J.: 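Can you read through this structure? Questions will come right after.
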Amino acid sequence: MSLDVSPELLAAAEAGEVDDAAFLACVRDSLPYAWRTVSAVAGRVGADGFAADATAPPSETERGQLLRALASTPIRGALERHFGVVLAFQNCHRVAAFTPATVDSDRYRAFISARGQLLNQSPELRNC
């Protein structure tokens with residue numbers, strides 16, 4: 001499972017829309033490593049509108065959290081709205097944050113390109 005959903009939050013979802021605050025609290029509590037990583041990267045976005053972190057997670061549990069957070073459209077979208085950034089992701093753990101204004105930049109396009117992915121490969125990342 002991706003998230004630890006309380007019975008109250010599940011009931012709220014069954015009754016209708018859930019607000020971002022409640023959803024984000026669930027994400028933060030369920031995926032703490034992913035939350036801390038995205039929060040740290042978003043907090044380091046500088047004047048150039050970019051920050052990245054390629055630190056390998058300490059275990060497969062943490063790697064799984066990061067993968068679930070960034071592979072899920074609703075989770076990723078909520079994180080982007082909360083932190084005011086656009087997230088990009090490579091190699092099972094390389095997380096980048098861009099300001100919305102820099103999404104059309106050369107740096108963003110290079111990061112999300114097939115070339116960017118290939119240039120950031122290494123044998124140790126093959127099975128991550």
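Predicted model only: the values in this text are computed from it and were never measured.
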J.: Report the distance from atom CZ of Arg94 to atom CG of Leu66, rounding to the nearest 0.5 Å.
T.: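 Answer rounded to 0.5 Å: 13.0 Å.
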
J.: Side-chain heavy atoms nearer than 4.5 Å, only ILVMFWY residues, links allowed to pass through others: does that put Ile75 and Val85 together?
T.: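 Yes.
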
J.: For the residue pair Ala12 and Val18, what are the closest heavy atoms and their distance?
T.: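 Distance-wise, the nearest heavy atoms are C-CG2, 4.1 Å.
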
J.: Following the transitive rule for hydrophobic clusters with a side-chain heavy-atom cut-off under 4.5 Å over Ile, Leu, Val, Met, Phe, Trp and Tyr, establish whether Tyr108 and Val41 coincide in one cluster.
T.: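 They do not share one cluster, since no chain of ILVMFWY contacts under 4.5 Å joins Tyr108 to Val41.
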
J.: Among residues two or more places apart or on two chains, list those pairs meeting side chain to side chain donor-acceptor pair (under 3.5 Å) that have a residue in residues 28-40.
T.: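 The answer is none; no pair qualifies.
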
J.: Enumerate the residue pairs fulfilling side chain to side chain donor-acceptor pair (under 3.5 Å) with a member in residues 40-57, sequence neighbours excluded, ordered by first and then second residue.
T.: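 Qualifying pairs: Asp48-Arg107, Asp53-Thr55.
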
J.: Could you tell me if the side chain of Phe23 sits less than 4.5 Å from the side chain of Leu3, heavy atoms only?
T.: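 Result yes, sub-4.5 Å side-chain heavy-atom pair found.
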
J.: Measure the spacing between CG of Leu31 and SG of Cys26 and express it to the nearest 0.5 Å.
T.: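 Nearest 0.5 Å value for the CG-SG distance: 8.0 Å.
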
J.: Do Arg76 side-chain atoms and Ser72 backbone N/O form a donor-acceptor pair below 3.5 Å?
T.: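 No; zero donor-acceptor contacts below 3.5 Å.
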
J.: What is the minimum heavy-atom distance between Pro100 and Gly84, and which atoms define it?
T.: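 For Pro100 and Gly84, the tightest heavy-atom pair comes out as CD-O, 3.5 Å.
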
J.: Would you call Gln90 and Ile112 a side-chain contact if the rule is heavy atoms closer than 4.5 Å?
T.: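 SC-SC contact between Gln90 and Ile112 ruled out.
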
J.: Transitively linked via ILVMFWY side-chain contacts under 4.5 Å: Leu87 with Val103?
T.: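 Result: no, two separate clusters.
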
J.: Compare every heavy atom of Leu10 with every heavy atom of Val5, then report the nearest pair and how far apart it is.
T.: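 Nearest heavy atoms, Val5 then Leu10: CG1-N, 3.7 Å.
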
J.: Over 60° means perpendicular and under 30° means parallel, so classify the ring planes of Phe111 and Phe98, tilted if in between.
T.: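 Correct class here is perpendicular.
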
J.: When you group the ILVMFWY residues by side-chain heavy-atom contacts below 4.5 Å and let the links chain together, are Val86 and Val95 in the same group?
T.: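 Cluster IDs for Val95 and Val86 differ.
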
